[in-house]
Amino acid sequence: MNNTKAWTIGKFAFVAVALALLSGCATAANPGAMTVMAQAADQPFPAKLQHAMCVRTVSGGEETNPLWTSKVDNNGFKTALDGSLSGAGLLSSGSCAYPIDVNLLGLSQPIMGFDMTVTSHVNYKVYDSSGQPFLLSTIDAPYTAKMGDAFVGVERLRLANEGSIRESIQMFFDKLRASQPK
């Protein structure tokens, strides 16, 4: 084999290995990164909701295929929402007067890009103690992960997924603060 041919094969192999390392594997969204942390300046929630809420169901999530793209699964979303409710003093430790049903309608994700914006589409239903819905809301929450947040694209997409769900939960909390539970 001549030197030119060997050099060409070597460059090709180097580029293939570099691309494989840079592409990485998709990982599922981290529930801790999707959890909303309570802020001291936040407006208070209605007193009836304090320690009276629970997440009954979460549906619509998808498992992440490591060879494809990052997704948000039902258990991860439920863990993040439970943690957010707990941090806000809303999670019930006993009987639940205000159950929440959540349906992740979908994630609008880019295929590629430097800055990646994901918009989550989530339907929240909160029921009162008599089983009647008192808050029904579909929330579209965009979040952009920038190139500086993560160099590898699959990591940026995961960060954008996590940020979008976190923003969705925050927007849901804003609606809870403005609600009038029975």
Side-chain angles (χ1 to χ4, degrees), residues 26-66 69-109 117-145 149-150 155 157-182:
T27 56
N30 175 358
M34 296 186 290
T35 302
V36 172
M37 299 299 160
Q39 303 291 324
D42 284 344
Q43 177 185 356
F45 291 96
K48 288 184 178 184
L49 298 179
Q50 297 294 318
H51 305 288
M53 301 187 81
C54 64
V55 182
R56 185 167 52 190
T57 63
V58 174
S59 61
E62 295 181 52
E63 297 290 326
T64 295
N65 177 343
T69 60
S70 178
K71 297 290 184 179
V72 175
D73 62 54
N74 294 335
N75 289 335
F77 196 136
K78 183 178 186 316
T79 300
L81 186 52
D82 280 339
S84 299
L85 290 167
S86 179
L90 300 175
L91 190 65
S92 171
S93 59
S95 66
C96 178
Y98 296 95
I100 306 165
D101 291 334
V102 178
N103 185 9
L104 176 56
L105 301 171
L107 298 171
S108 298
Q109 299 175 309
T117 300
V118 170
T119 302
S120 59
H121 311 281
V122 183
N123 182 265
Y124 295 91
K125 297 176 187 169
V126 182
Y127 299 88
D128 63 21
S129 55
S130 68
Q132 297 300 310
F134 87 86
L135 177 64
L136 303 171
S137 183
T138 300
I139 296 175
D140 300 322
Y143 183 87
T144 302
D149 296 333
E155 287 299 308
L157 184 60
R158 180 185 54 78
L159 293 174
N161 287 343
E162 293 166 350
S164 179
I165 296 297
R166 191 174 53 249
E167 289 296 317
S168 177
I169 294 171
Q170 183 63 57
M171 294 166 87
F172 170 61
F173 278 11
D174 292 344
K175 291 188 180 291
L176 282 176
R177 285 183 178 95
S179 70
Q180 300 297 320
K182 296 177 185 176

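The structure presented is a predicted model; accordingly, all values stated were derived computationally and were not measured.
Looking only at side-chain heavy atoms (C-beta outward), L104 and V58 stay at 4.5 Å or farther from each other.
Note that CG of L90 and NE2 of H51 are 8.0 Å apart. Values are rounded to the nearest 0.5 Å. Remark: M171 CE to L176 CG distance equals 13.0 Å, nearest 0.5 Å. Taken to the nearest 0.5 Å, the NZ atom of K125 stands 12.0 Å off from the OG atom of S137. Note: L135 CG to D128 CG = 11.5 Å, rounded to the nearest 0.5 Å. Residue Y98 holds its OH atom at 8.5 Å from OG of S179, rounded to the nearest 0.5 Å. Here the OG1-CG distance, from T117 to L157, works out to 10.5 Å after rounding to the nearest 0.5 Å.
Test E63, Q109, R158 against K71 for side-chain contact (heavy atoms from CB on, under 4.5 Å) and you get one pass: Q109. Evaluated for a side-chain contact (heavy atoms from CB on, under 4.5 Å) with V102, the options T57, N74, I169, L81 yield exactly one hit, L81.
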Verify side chain to side chain contact (heavy atoms under 4.5 Å, CB included) between Y143 and N161, making sure each step is shown before the conclusion. CA-CA 8 Å; Y143 183 87; N161 287 343; over 6 Å; no
What do the steps show when you test V126 against L49 for side chain to side chain contact (heavy atoms under 4.5 Å, CB included), and what is the final call? CA-CA 11 Å; V126 182; L49 298 179; 5.5 Å; no
If you apply the rule side chain to side chain contact (heavy atoms under 4.5 Å, CB included), what do you find for Y127 with D101, and how did you get there? CA-CA 8 Å; Y127 299 88; D101 291 334; 3.3 Å; yes
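Between A145 and L159, the closest heavy-atom pair is CB-CB, 4.0 Å. When all heavy atoms of M53 and C96 are compared, the closest pair comes out as C-SG, 3.7 Å. Taking both residues in full, the closest heavy atoms of G76 and M34 are given as O-CE, 3.5 Å, listed atom of the first, atom of the second, then distance. Closest approach of P31 and A80 over heavy atoms only: O-CB, 3.5 Å. In terms of heavy-atom proximity, V36 sits nearest to R166 at CG2-O, 3.4 Å.
Under the 3.5 Å distance criterion, with hydrogens and angles disregarded, a donor-acceptor pair is assigned to the side chains of S164 and S120. S108 and H121 form a side-chain donor-acceptor contact under 3.5 Å, judged by distance and modelled atom types alone.
Relative ring orientation between Y124 and F172 is described as parallel, the plane-to-plane angle staying below 30° on a 0-90° scale split at 30° and 60°.
Using a distance-only test at 3.5 Å, with no hydrogens or angles considered, no donor-acceptor pair links the side chain of R56 to the main chain of P99. Using a distance-only test at 3.5 Å, with no hydrogens or angles considered, no donor-acceptor pair links the side chain of S86 to the main chain of D82.
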